[in-house]
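Notes to accompany the following structure.
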Protein chains: 2
Amino acid sequence: MARKPADQSVSRDDIIVAAAEVLQRNGYEAATMKDIAAAVKLTAASLYHHFRNKDTLMLAVLEAGLSHIMERIEPIAQNTALSSSERLRRMVAEHIIGLTQNTAVGAAMVFEIRTLMTFSLPAGDALSVQEQEFAARRDAFFARRDEFERLFRDVIRQGVELGEFRAVDVPIFTKTLLGAHNWVGVWYKPNGRLDGAGIAERTADYFLAALRN
Amino acid sequence: MARKPADQSVSRDDIIVAAAEVLQRNGYEAATMKDIAAAVKLTAASLYHHFRNKDTLMLAVLEAGLSHIMERIEPIAQNTALSSSERLRRMVAEHIIGLTQNTAVGAAMVFEIRTLMTFSLPAGDALSVQEQEFAARRDAFFARRDEFERLFRDVIRQGVELGEFRAVDVPIFTKTLLGAHNWVGVWYKPNGRLDGAGIAERTADYFLAALRN
DNA sequence: ATTATAATCAAATGCAGGTTTAATTGTTCG
DNA sequence: CGAACAATTAAACCTGCATTTGATTATAAT
């Protein structure tokens, strides 16, 4: 029953990886199905065998990126054996390194997704089943992304409560931190003076200094 | 000789303001000429009386946004009567307030402009005069934007050199700062808990704390 | 008034990009 | 082998959007 896929055939994941690159490079609207297909040596039409449509493919990219980074950050955030400072330092490092290495991570964080996200529901008309499914997945993605932000916020808040950090406006401080991170995904170029780890180290240093009592 | 424009007619600047809003809301590709025209109660065709094409209009938006913020930041950066801390504090405030008030400023900073900017020159074919003009304006815009970043970098560098700030990796610190700023343009919503000034105050506080000796 | 020009529009053009269809070529299992 | 399904494609379809063209209307200068 279980058909093993042919060796040379392109997998769902191959497409996601390629799509992530094209998405990060060109932005949502400018990333064409043809571009993505070309990146895996397929025809645009072939992509529809793997994904219902462009939005679904894009959402899959975002989900992959978010999962990738969540898997790394969540355990750190929950490691109560570590001090708040140490947890935050490691979270910053993972996030920035992820951003510089996995193109899908950047895509998952950044905005140009408005189109996808706005998804102007034709008011009145009932959504088709597919549309409902899509809307649900999209909402789940956003909920998960909020959760991601909350991981940072909670570590910072706890540090403040324990007196390990000075009192700051936690929501604003968190957004400041994450904004700085996400921006790395924008300007980072491989072969620069610093690699992801180097950037991460400095960034963590600055934000921890800002929190010092 | 000088024909005064009719009172009710739409001005170039009206269009730029409207286009900035649409651009910030929808992103480059999704901002259609029709949308922009509708925002000033015109037909898409009418826009071509004021701007050669979409790219030119968009570039005008970016230039307007950059000019707006440059005019405010440059004098602060060059006010040698102030300490580095004070200059930086005021620059941060102006930038963030600008970002929350003038939609064009955000557009000028952020990326989704890749399309415009990549502007894949059909290799080989000579550029038409119009294309050359456009390419020149675009390059000038980017040069000006680099200048903008340099204003911040120089103030920070000077603070470090004078011993007013602790030693930091100036380029990275600057990018960190500006990333945090630009991100404000993404998440800021009017009617939130804090207005631009409130956000600016806190942000400046954190970064100055990070620089404290 | 007359004329030149500014401002605007309706309609047509052309094309790029998402999506569908129907057919073709594997591949795997019994 | 042959049935069943997976992977892929070429070609057609359709639509939305930038842009052009050819009027039409408004305004200001003479």
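Chain naming here is simple, since letters A, B, ... match the order of the sequence lines and numbering starts at 1 in each.
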Quiz item: cation-pi between A:Lys175 and B:Trp183, 6.0 Å / 45°: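 Pair A:Lys175/B:Trp183 does not count as cation-pi.
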Could you give the [atom1]-to-[atom2] distance, from [X] to [N], as a whole number of Å?
X	N	atom1	atom2	result
B:Lys34	C:dA10	NZ	P	12 Å
A:Phe51	D:dA7	CZ	P	12 Å
A:Leu47	D:dT8	CG	P	9 Å
B:Asp35	D:dG16	CG	P	13 Å
A:Leu42	C:dT24	CG	P	20 Å
A:Ile36	C:dT19	CD1	P	11 Å
B:His49	D:dG22	NE2	C1'	15 Å
B:Asn26	D:dC17	CG	P	10 Å

Side chain of [X] - closest among [options]:
X	options	value
B:Lys54	D:dT19, C:dT8, D:dT8	D:dT19
A:Ser46	C:dT20, D:dT8, C:dT8	D:dT8
B:Ala45	C:dA11, D:dT9, C:dT19	C:dA11
B:Thr32	C:dG18, D:dC17, C:dT21	D:dC17
B:Tyr48	D:dA18, D:dT8, C:dT19	D:dA18
B:Met33	D:dA18, C:dA10, D:dT8	D:dA18

Taking only Lys NZ, Arg NE, NH1 and NH2, and the carboxylate oxygens of Asp or Glu, determine whether [X] and [Y] approach each other closer than 4.0 Å.
X	Y	value
A:Arg145	A:Glu149	no
B:Glu94	B:Arg90	no
A:Glu201	A:Arg89	no
B:Asp169	A:Arg193	yes

Remember a base hit wins even if backbone is also touched, and classify B:Ala37 as base, sugar-phosphate or nothing at under 4.0 Å, heavy atoms.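 B:Ala37: no heavy atom of the nucleic acid under 4.0 Å.
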For D:dT8, does OP1 or OP2 lie under 4.0 Å from any side-chain N or O of A:His50?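 Yes, because at least one side-chain N or O of A:His50 sits under 4.0 Å from OP1 or OP2 of D:dT8.
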Please check the phosphate of D:dT27 (OP1 and OP2 only) for any side-chain N or O of B:Ser9 closer than 4.0 Å.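 Negative; the distance criterion is not met.
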